[in-house]
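FYI, the numbering just counts along the sequence from 1.
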Amino acid sequence: GGRDRQRAFPWSVSVKHICHAVGCSVPCQPEFLMCRKHWGLVPQVLKARVYRHYRRGQCDDKNPSRYRLAAAAEVIKYVAQREAVQGARP
C-alpha cells in the first residue's frame, strides 16, 4: 500500500517537489520527474517508459503504480551513472 511505498521511495512523497536526480534540488512541477537539465540527459526510450506509466492525479494522491516507480528508479539511476561518468573526466 501507500505506507510501504513511502518507506521504499521516500522521495515520492515530498511536500515541495524537486528534481529526483541525485543531489539536485531544483524545484519543478509535481508532474515532472526531473528538472529540464537532468531530463535532457535521459534517452528517449527511458522517457517513453516514464510517460507510459504516468497516471493523471498520481501526484495528488501520492499513489503512482509500481511500474511508474520502477521506470522512475531506472531513469534516476541512469542519470546518476551518467553524471558520475561525466564528473570523472579531466
Where do [X] and [Y] come nearest, in terms of heavy atoms and distance?
| X | Y | result |
| --- | --- | --- |
| H53 | Y67 | ND1-CB, 3.4 Å |
| C28 | C19 | SG-N, 3.7 Å |
| W39 | K47 | O-CE, 3.1 Å |
| E31 | R68 | O-NH2, 4.2 Å |
| C35 | V26 | CB-CG1, 3.8 Å |

Check your understanding: Atom OG of S25 and atom NZ of K16: how far apart are they, to the nearest 0.5 Å?
Key -> 6.5 Å
**Study point:** Result of checking L41, V75, V50 against M34 for side chain to side chain contact (heavy atoms under 4.5 Å, CB included)
**Key:**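 Result: among L41, V75, V50, V75 is the only option passing the side chain to side chain contact (heavy atoms under 4.5 Å, CB included) with M34.
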**Study point:** Min side-chain heavy-atom separation V79-V22 under 4.5 Å
**Key:**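 A side-chain contact under 4.5 Å is absent here.
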Check your understanding: Under 6.0 Å from the OH atom of Y51, do we count more than 12 heavy atoms belonging to anything else shown?
Key ->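 Count over threshold, so yes.
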Check your understanding: Would the number of heavy atoms belonging to other residues, nucleotides or ligands and lying under 6.0 Å from OH of Y78 be above 12?
Key -> yes
